[in-house]
Number of protein chains: 2
Amino acid sequence: MKQQGKKKATIYDLSVLSGSSASTVSAVLNGTWRKRRIKESTAELIQNLAEQHQYTANLQARGLRNSRSGLVGLLLPVHDNRYFSSMAQTFEAQVRSHGKCPVVVSASRDPQEELATVATLISYSIDELFIAGATDPDSVHTLCEAAGIRHINIDLPGTKAPSVISDNYQGARMLTQAIIKRFDDSAAPLRPEELFLFGGRNDHASRERIKGFRDIKTEMLGQNSVACIQPTGYSPNMTQKAFEAFYEREGKLPRGLFINSSINFEGLLRFMAQHPHETFADLVVGCYDYDPFGSFLPFPVIMIRQDSESMLAKAFELIEEARPAVKIHLIQPELVHPRTALKGPLDSIRDIDA
Amino acid sequence: MKQQGKKKATIYDLSVLSGSSASTVSAVLNGTWRKRRIKESTAELIQNLAEQHQYTANLQARGLRNSRSGLVGLLLPVHDNRYFSSMAQTFEAQVRSHGKCPVVVSASRDPQEELATVATLISYSIDELFIAGATDPDSVHTLCEAAGIRHINIDLPGTKAPSVISDNYQGARMLTQAIIKRFDDSAAPLRPEELFLFGGRNDHASRERIKGFRDIKTEMLGQNSVACIQPTGYSPNMTQKAFEAFYEREGKLPRGLFINSSINFEGLLRFMAQHPHETFADLVVGCYDYDPFGSFLPFPVIMIRQDSESMLAKAFELIEEARPAVKIHLIQPELVHPRTALKGPLDSIRDIDA
DNA sequence: CTTTTTTGCACAATCGATGGTGCAAATAAT
DNA sequence: ATTATTTGCACCATCGATTGTGCAAAAAAG
């Protein structure tokens, strides 16, 4: 009703008001009161008081006592791209539906920062940690292990905790194949030296994708030169420079382009800003990531949508197990043809339409 | 060195190991030891022990004692779009640089969920809250107020706490003007009934944008009919339906399209997926939001980049003030011409290039 | 060699919630 | 009316860190 002073009501306040002991109040308000054989009328009295005084439990106190916090963490490399932000969105919904509180943090793909961030989360006694796209999942594992925190790797696998990742090899094969096929009814079919891969670095995902790319390329086009693979890291800037360098050297872009991630794709955007439309006339891009806007660019863009919903679902399933096997679970990604607008987590949010 | 058992070391463990009292250990490890006149050698001893045993403070315990947590919250409507995810990215960096721990949560633009989420954050004794894009900032204010939590509105203003928002009116004027000008050297200049606004609803931002749109349209094209304004909410799906309905009715799209947000723009994407390229031949889109991929679509897309960095910087400045005035601070957004790839928060992340 | 001052630290209460234990009063069984 | 059960709840220690207070021992002053 009224919010009386400035400070929040505690069980002690309610204890005084109700004439019961603090432990009774506690039991009533955390739902264990039947187990503690509290009279129904007492419970009701206290519940009413709690409501009137807008009582909410101090979760730090509860967490301290329980050495659990109700927090579930998701560690991301970055927020600022559709793959991870949509993962965050899905994660939140999932965690909420389990009655816990989601905490999403990013660590910039920096091993130091990853460890520091996780250490902080552990200090808040988070209950579980989902480690997505960590550069050094095994060190993170060591921290979690020492703190007894259930954890699981997503997107990039570790060797010490169960991992759920997208099937990068298969995905890369699908994507590479789709790029090549796209040229089937073109006047000039794609030659091997016209199909390049840009982006990524020496992480598991990149390696698998490169392998898939190489294998299909060899199968379908008969060969693959290592020169056709340019791991430029995960920065738009370096990727742009790589494109500029290529263009400088060759006077044109490759006709077929496998781009390792949407972040690398942004490097191509930067390149595009510097060059006229015609530069991209005969281009087909395959991007290992899905971005709705990216799908509608002026040239055909084939994308891979990683199934982060399924990855998270599997991860939640595993983390619930008593002693999940330390193995890698592959989730199949989806090939997305050009000019496709997929539904996303936002579609389950109700708006004025609902 | 070794991580001994399973449980984390506490000041009591270190107290025993060092032969000092827990309060001394505490003082040493939280930096207040000079104030407490602890001998330097004692401090060193304890610090070494702490390091050896990988001591980290239990932040819940500290938070309980201090009734502060070191957590700083950012409440978002959704993660899954570039405006908010890049805000999250910037926010994290800022909070980290203040030595605090960022917590980003989303509430789906649902007033109920906003309140529930904030209540949870308050229960964890977060120190400060940045409320971005809340549908009901004033109710959130009431909660924060009652809990004595410093807070500030971003993106959508409230009437009870200081607000930092983008200058939606000016931005909309710039954007509308740019759309119209884009037709200047076209064969047929844009007529008023060819310029529509889609998206948004009855929030402050939408109202301001609609006002800016209407004013410029009247100024430059001589009139504006209310029929040219279609607030479809913030869902891709409803926006798509609105486009379909329009197309059904008119047999074409408007030549000039002001789209209220990138989320609404995704509605246009869905529409695009259903219609051939030609449908968009003579189209100019202005979108009140910036998305790098959106900037490179096959038709001219003029975008407004809201300056979330400046908004956050201003917000941090205000929240630090003792009693900031309850007023609205406007931050100028930036007009982004078609085919422009701006730098973003990711560019300050070092990669293998750094 | 006292008295005063400073140094260095230990003690204990506290933050709010939890849950094991124990004990009266109410009820049931004999 | 007694004894045995059950019901209903209060008491208290505990989680880990913080901080005001107080008190010895060491150093300085006299």
Side-chain angles (χ1 to χ4, degrees), chain A residues 6-47 49-50 53-70 120 122-127 147-148, chain B residues 6-46 50 53-70 120 122-127 147-148:
Chain A
K6 278 283 81 138
K7 9 206 97 279
K8 301 194 49 173
T10 70
I11 52 169
Y12 298 97
D13 301 330
L14 297 182
S15 154
V16 172
L17 288 165
S18 67
S20 308
S21 75
S23 62
T24 299
V25 174
S26 170
V28 168
L29 296 174
N30 68 26
T32 61
W33 56 281
R34 291 184 185 285
K35 206 178 328 183
R36 289 189 140 255
R37 300 192 317 243
I38 308 289
K39 217 196 302 178
E40 183 126 15
S41 62
T42 312
E44 274 172 15
L45 168 65
I46 292 176
Q47 280 157 350
L49 282 173
H53 293 266
Q54 310 203 93
Y55 170 84
T56 50
N58 180 321
L59 297 181
Q60 299 212 78
R62 175 180 293 169
L64 173 57
R65 179 59 226 243
N66 296 333
S67 54
R68 297 185 305 101
S69 62
T120 305
I122 290 177
S123 297
Y124 284 109
S125 308
I126 55 161
D127 300 342
Chain B
K6 278 282 83 135
K7 12 203 94 278
K8 300 195 50 173
T10 71
I11 53 170
Y12 297 97
D13 301 329
L14 297 182
S15 156
V16 172
L17 289 166
S18 69
S20 308
S21 76
S23 61
T24 300
V25 174
S26 170
V28 168
L29 296 175
N30 67 26
T32 61
W33 56 281
R34 291 184 187 285
K35 206 178 328 182
R36 289 189 143 256
R37 303 194 311 247
I38 307 289
K39 217 195 303 177
E40 183 125 15
S41 62
T42 312
E44 274 172 14
L45 169 65
I46 292 175
H53 293 267
Q54 311 204 95
Y55 170 84
T56 49
N58 180 322
L59 298 179
Q60 298 212 76
R62 174 179 293 168
L64 173 58
R65 180 59 228 242
N66 295 333
S67 53
R68 296 186 305 101
S69 63
T120 306
I122 289 177
S123 298
Y124 284 110
S125 307
I126 55 161
D127 300 341

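Letters go in sequence order (proteins before strands), and every chain restarts at 1. This one's a predicted model, so the numbers in the text were calculated from it and none came from an experiment.
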Nearest 0.5 angstrom please: [X] [atom1] to [Y] [atom2], how far?
X       : Y       : atom1 : atom2 : result
A:Thr42 : A:Gln47 : OG1   : CD    : 10.5 Å
A:Gln60 : B:Asn66 : CD    : CG    : 9.0 Å
A:Leu14 : A:Ile11 : CG    : CD1   : 8.5 Å
B:Thr56 : B:Leu29 : OG1   : CG    : 10.5 Å

Whole angstroms only, please: what is the [atom1]-[atom2] distance between [X] and [N]?
X       : N      : atom1 : atom2 : answer
A:Arg34 : D:dT7  : CZ    : C1'   : 14 Å
B:Leu14 : D:dT18 : CG    : P     : 12 Å
B:Leu29 : D:dT18 : CG    : C1'   : 12 Å
A:Lys8  : C:dA17 : NZ    : C1'   : 13 Å
B:Arg68 : D:dA17 : CZ    : C1'   : 13 Å
B:Lys35 : D:dT18 : NZ    : C1'   : 11 Å

Are the side chains of A:Ser69 and A:Asp127 in touch, meaning some heavy atoms are under 4.5 Å apart?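 Yes, their side chains come closer than 4.5 Å.
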Do B:Lys8 and B:Asn58 have side-chain heavy atoms sitting under 4.5 Å apart?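 No, their side chains stay 4.5 Å or more apart.
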For [N], take OP1 and OP2 only and decide whether either is under 4.0 Å from a side-chain N or O of [X].
X        : N      : value
A:Asn30  : C:dA17 : no
B:Tyr124 : C:dG16 : no
A:Arg62  : C:dG16 : no

Angle by which the axis turns from one end of the helix from C:dC1-D:dG30 to C:dT30-D:dA1 to the other, five pairs per end, to 10 degrees: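 Taking five pairs per end, the axes differ by 50°.
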I need the single residue from B:Val28, B:Val25, B:Ile46 that forms a side-chain contact (heavy atoms from CB on, under 4.5 Å) with B:Trp33. Which is it?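 So the option named by the test is B:Val28.
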Do side-chain atoms of B:Ser20 reach the backbone of B:Ser15 as a donor and acceptor pair under 3.5 angstrom?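 Side chain of B:Ser20 to backbone of B:Ser15: no pair is present.
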Please check: side-chain N/O of B:Asn30 versus main-chain N/O of B:Thr32, any donor-acceptor pairing under 3.5 Å?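 It does hold such a pair.
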Encode nucleotides 9-15 of chain D as B, S and - characters from 5' to 3', where the letter depends on protein heavy atoms closer than 4.0 Å: B to the base, S only to sugar-phosphate, - to neither. BBB-BBB
